[in-house]
Amino acid sequence: MAYETILVEIDHYVATIRLNRPEALNALNSKLLGELADALKAADRNDKVRAIILTGSEKAFAAGADISEMAGKSFVDMFESDFFTPETDALLSVRKPVIAAVAGYALGGGCELAMMCDFIICAENAKFGQPEINLGVVAGIGGTQRLTRFVGKSKAMDMHLTGRFMDAEEAERSGLVSRVVPTKKLMEEAMAAAQKIASKSGIATKVVKEAVNRSYETTLREGILFERRIFHALFSTEDQKEGMSAFLEKREAQFRDR
Ligand code: HXC
């Protein structure tokens with residue numbers, strides 16, 4: 001399917017979805033988020049996709065929600081459309097692993113979008129921020145909640161209240177990103193990580209995602225019980241037999257998602 005604001009490529013079982021509004025530093029408007037939701041749903045259904053990379057350009061992952069689209073809206077407009085919630089729910093519903101590969105600006109909704117992915121790999125030139133305070137508003141698609149869980153209250157308050165940006169080194173130190181890589185190598189590193197994930201059992205990777213995400217939604221005791229039960233359940237899969245046999249036979253496992 002041809003999109004206007006994103007580019008989609010599938011290679012070696014990895015779908016790369018690139019935000020592509022260079023004239024506005026990939027600012028998120030309804031068109032882009034609608035196309036992104038569509039592409040994510042398609043990738044999740046596609047048997048030729050086992051992992052997904054969400055990225056932008058070297059200058060910007062996304063500089064936030066499109067201010068020109070939002071500026072004239074009323075409370076009722078925002079409330080009735082539940083602004084960007086249906087579109088971002090599509091990202092949160094993807095069952096396959098999604099890596100955010102962030103270079104340049106990831107601000108406001110851009111930072112929030114990256115935090116909705118399963119993990120973030122960023123380039124040395126990345127800059128994260130929640131500068132909505134400068135516009136007289138606050139984050140609207142999870143930034144006050146997710147950033148706080150990633151980096152703790154003090155840094156989250158600092159970022160949201162002052163609108164300052166966090167560079168890649170600080171983002172890694174604070175747990176916002178899993179790794180920082182040279183800017184020119186961002187896609188190579190993200191692709192290597194995605195291909196590694198794609199080589200695992202597709203059942204086990206989906207289960208990992210469900211279990212880790214559950215740690216945000218439940219108590220430790222309930223989360224551990226959930227993990228234990230799905231760990232037990234995986235012993236009903238062929239992939240568990242294959243993975244353990246392959247180890248014992250000193251060969252590469254061939255997973256079949258069964
Ligand atoms: C619309 C944007 C934009 C945005 C940049 N542009 N960010 N357009 N919405 N969020 C446009 C500029 O208007 C400009 O268009 C072009 O992109 C290049 O931007 P410049 O400002 O000229 O670039 P630069 O000087 O390099 O500065 C980069 C920047 C700055 C620091 C990222 O653009 C900036 O501060 N942007 C806004 C960041 C922001 O406040 N984000 C939060 C948005 S609110 P022209 O046509 O002039 O060349 C939000 C709420 C989320 O995200 C809640 C969601 C529901």
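- Within the 3.5 Å criterion, the main-chain N or O of A60 finds a donor-acceptor partner in the side chain of N26.
- For R221, the CZ atom is loosely surrounded, since the number of other residues' heavy atoms within 6.0 Å does not exceed 12.
- Scanning all heavy atoms of the two residues, the minimum distance from A27 to D66 falls at CB-CA, 3.8 Å.
- Counted within 6.0 Å of CE on M244, heavy atoms from surrounding residues, nucleotides or ligands total more than 12; the atom is thus considered enclosed.
- Judged by distance alone, with hydrogens and angles left aside, the side-chain atoms of D239 form no donor-acceptor pair with the main-chain N or O of F255 at under 3.5 Å.
- Side-chain atoms of S178 never come within 3.5 Å of backbone atoms of F119 as a donor-acceptor pair (strictly under, hydrogens ignored).
- Follow the hydrophobic side-chain contacts under 4.5 Å out from I53 and you never reach Y13; the two are in separate clusters.
- Of all heavy-atom pairs between A114 and V102, the closest is CB-CG2, 4.0 Å.
- By the rule that hydrophobic residues join a cluster once side-chain heavy atoms approach within less than 4.5 Å of another member, L36 and I120 end up as members of one cluster.
- Around the NZ atom of K41, the shell of radius 6.0 Å holds no more than 12 heavy atoms that belong to other residues, nucleotides or ligands.
- Panel note: side chain E35, backbone E4; a donor-acceptor pair is recorded below 3.5 Å.
- Atom CD of E249 sits in a crowded spot, with more than 12 heavy atoms from other residues, nucleotides or ligands closer than 6.0 Å.
- Within a 6.0 Å sphere centred on NZ of K185, heavy atoms belonging to other residues, nucleotides or ligands number 12 at most.
- Classification of the Y216-F150 ring pair by plane angle, with boundaries at 30° and 60°, yields tilted.
- With hydrogens and angles disregarded, a donor-acceptor distance shorter than 3.5 Å links the side chain of D44 to the backbone of R95.
- For R146 (side chain) and L113 (main-chain N/O), no donor-acceptor pair under 3.5 Å exists by modelled atom type.
- For K96 (side chain) and A43 (main-chain N/O), a donor-acceptor pair under 3.5 Å exists by modelled atom type.
- Put simply, the side chain of E112 gets close to the backbone of G143: a donor and an acceptor are under 3.5 Å apart.
- Using a 30° and 60° split on the angle between ring planes, F75 and F79 fall in the parallel class, below 30°.
- Put simply, the side chain of R18 never gets that close to the backbone of I6: no donor and acceptor are under 3.5 Å apart.
- Remark: R21 engages E23 in a salt bridge, criterion side-chain N to carboxylate O under 4.0 Å.
- For H12 against Q195, the heavy-atom pair with the smallest separation is CB-NE2, 3.3 Å.
- Nearest heavy atom pair, residue K209 against residue V94, reads NZ-O, 2.8 Å.
- Taking 4.0 Å as the cut-off between side-chain N and carboxylate O, E169 and R173 count as a salt-bridged pair.
- Side-chain polar atoms of S30 and E69 form a donor-acceptor pair below 3.5 angstrom.
- D82 contributes no side-chain N or O that, together with a main-chain N or O of T85, makes up a donor-acceptor pair within less than 3.5 Å.
- A salt bridge between E242 and R256 is absent, with no side-chain N of the basic residue lying under 4.0 Å from a carboxylate O of the acidic one.
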